[in-house]
Amino acid sequence: MKKKIYVFSLFSFLFLITSCISNKDLVYLQQKNTSSNQNELNQDFNKPYRVQTSDIISIRIKALDQKLVDMFNPSVSNSQVTSQETLYFDGFTVNDHGIIRVPVLGEVSVIGLTLDEIRLKIEKQLLDDYFKKEADLFVSVKLAGLRYTINGEVTSPGSRILFLDKATILDAISNSGDITMVGNRKEVLIVRKNPAGTEMHTVDLTDVNVMKSPYFYLQPNDFIYVKPLKQKSWGVGTNGIQTFTTLFGAFSLILTTFLLIKK
């Protein structure tokens with residue numbers, strides 16, 4: 001009996017060590033390679049975003065006499081707060097042909113253009129066909145928020161919008177309540193649509209070099225999936241105390257059952 005207890009205790013101790021989640025699996029952006037330069041910047045990954053199909057664009061046109069340009073603007077709610085629904089219905093959705101339909105201006109091709117290039121294009125069309133420079137036009141073109149969907153081991157999964165011009169995957173995760181204790185920060189899957197199709201890529205958020213990845217910056221309609229750690233499938237706890245409590249309870253149950261049977 002003592003031998004069995006000793007073997008079980010040894011097994012429990014080894015299992016306790018292997019089942020606990022290491023601190024290295026929880027900390028973001030660690031300097032894993034001492035030879036790498038943490039201050040390096042890769043400008044290629046920070047280029048202006050180019051519009052794709054299904055993007056929603058917000059366009060606002062202003063002038064000295066606002067009444068002259070009201071017909072070009074979609075209806076605007078009186079509320080000071082712009083809701084997600086308002087952006088969806090009042091924004092301009094890029095169709096499958098890369099075109100948006102703007103009041104009076106008609107169809108405008110925007111596929112593959114940056115937001116600044118779209119602004120210049122609309123300004124030129126307005127000045128060529130409808131206004132003179134004296135009208136003092138001011139055109140504002142923005143993405144109607146960075147829409148993304150996040151699922152898996154996060155506190156609050158679902159579809160969300162970040163009202164930022166640029167955002168990173170860490171911003172998206174923070175906006176969703178962070179990754180849970182049993183989420184695998186080393187294997188975060190990103191599914192992204194591009195003109196050539198759909199691509200999938202896995203990033204390691206515990207490595208500081210992830211900031212050099214083109215997937216570090218969020219793009220509209222990104223899907224983020226955080227895989228679970230193997231500790232979750234074992235179901236014995238996410239830290240030493242939880243694991244010990246689970247194993248001690250199981251051992252007590254087995255010991256009690258054995259003693260009852262022996263009697």
Side-chain angles (χ1 to χ4, degrees), residues 25-29 45-59 81-100 110-115 118 141-207 209-233 238:
D25 294 333
L26 300 176
V27 179
Y28 296 106
L29 306 179
F45 299 151
N46 205 19
K47 289 182 178 179
Y49 175 71
R50 295 190 176 276
V51 171
Q52 302 181 33
T53 58
S54 300
D55 285 348
I56 300 178
I57 302 173
S58 172
I59 300 175
V81 180
T82 303
S83 66
Q84 295 182 14
E85 291 80 6
T86 301
L87 288 173
Y88 177 78
F89 288 107
D90 288 345
F92 301 96
T93 303
V94 183
N95 65 20
D96 292 338
H97 302 288
I99 293 172
I100 58 173
V110 297
I111 191 72
L113 300 179
T114 66
L115 297 179
I118 296 172
V141 179
K142 294 180 177 292
L143 285 173
L146 287 169
R147 299 167 180 265
Y148 70 95
T149 300
I150 188 166
N151 211 340
E153 291 300 325
V154 290
T155 304
S156 182
S159 296
R160 282 176 173 71
I161 298 179
L162 284 171
F163 295 103
L164 298 169
D165 291 332
K166 288 184 180 181
T168 68
I169 185 174
L170 292 180
D171 293 320
I173 290 172
S174 177
N175 192 46
S176 303
D178 204 2
I179 298 176
T180 65
M181 285 282 289
V182 291
N184 191 344
R185 291 160 174 78
K186 294 182 178 180
E187 292 187 18
V188 177
L189 177 67
I190 299 175
V191 181
R192 175 170 296 175
K193 186 181 71 172
N194 58 40
T198 302
E199 55 185 355
M200 302 172 64
H201 191 79
T202 300
V203 296
D204 180 1
L205 296 181
T206 66
D207 188 350
N209 289 313
V210 71
M211 292 190 294
K212 300 176 184 178
S213 168
Y215 295 90
F216 184 67
Y217 288 94
L218 203 64
Q219 288 194 9
N221 305 311
D222 274 356
F223 176 79
I224 304 168
Y225 178 69
V226 181
K227 301 177 182 179
L229 289 168
K230 58 185 178 182
Q231 280 86 345
K232 181 178 181 179
S233 61
T238 57

Val110 side chain reached by Ile57 side chain, heavy atoms, under 4.5 Å: yes

Under 3.5 Å: donor-acceptor pair, side chain of Tyr148, backbone of Ile161: no

Polar side chain donor-acceptor pair, Tyr49 to Asp165, under 3.5 angstrom: no

Gap between atom CD1 of Ile100 and atom CD1 of Ile59 - 0.5 Å precision: 3.5 Å

Electrostatic pair Lys186-Asp204, nearest N-O below 4.0 angstrom: no

Side-chain donor or acceptor of Ser213 paired with backbone N/O of Tyr215 under 3.5 Å: yes

Test item: Thr198 and Val191 side chains (from C-beta on) under 4.5 Å apart, heavy atoms: yes

4.5 Å side-chain heavy-atom contact, Leu164 and Leu218: no

Beyond-backbone contact of Val154 with Thr180, side-chain heavy atoms, under 4.5 angstrom: no

Straight-line distance of Asn184 CG to Leu189 CG, nearest 0.5 Å: 11.5 Å

Minimum side-chain heavy-atom gap Pro214-His201 below 4.5 Å: no

Main-chain N/O of Ile179 paired with Arg185 side-chain donor or acceptor, under 3.5 Å: yes

Check: Arg147 and Ile56 side chains under 4.5 Å, non-hydrogen atoms: yes

4.5 Å side-chain heavy-atom contact, Asp55 and Thr93: no

Gln219 CD to Lys166 NZ distance, which is reported to the nearest 0.5 Å: 11.0 Å

Gly177 backbone acceptor or donor facing Thr155 side chain under 3.5 Å: yes

Enclosure of Lys142 NZ (heavy-atom neighbours >12, cutoff 6.0 Å): no

Worked verdict on Tyr28 versus Leu170 for side-chain contact (heavy atoms from CB on, under 4.5 Å): CA-CA 9 Å; Tyr28 296 106; Leu170 292 180; 4.0 Å; yes

Side chains of Thr168 and Asp171, donor plus acceptor under 3.5 Å: yes

Nearest non-hydrogen partners of Ala167 and Leu162, listed with the distance: CB-CD1, 3.8 Å

Approximate separation, where rounding is to 0.5 Å, of Asn151 CG and Phe223 CZ: 5.0 Å

Distance (rounded to the nearest 0.5 Å) between Ile99 CD1 and Thr53 OG1: 12.0 Å

Side-chain H-bond candidate by donor/acceptor type, Gln52 with Asn194, under 3.5 Å: no

Ser176 side chain to Ser156 side chain, donor-acceptor N/O pair below 3.5 angstrom: no

Note: Glu187-Lys227 ion pair, threshold 4.0 Å (strictly below): yes

Stepwise side-chain contact (heavy atoms from CB on, under 4.5 Å) check, Val188 with Ile224: CA-CA 7 Å; Val188 177; Ile224 304 168; 3.7 Å; yes

Where Lys193 and Ser54 come nearest, the two heavy atoms and their spacing: NZ-OG, 3.3 Å

Interatomic spacing from CG in Leu143 to CG in Leu115 - rounded to 0.5 Å: 4.5 Å

Minimum side-chain heavy-atom gap Ile118-Val141 below 4.5 Å: yes

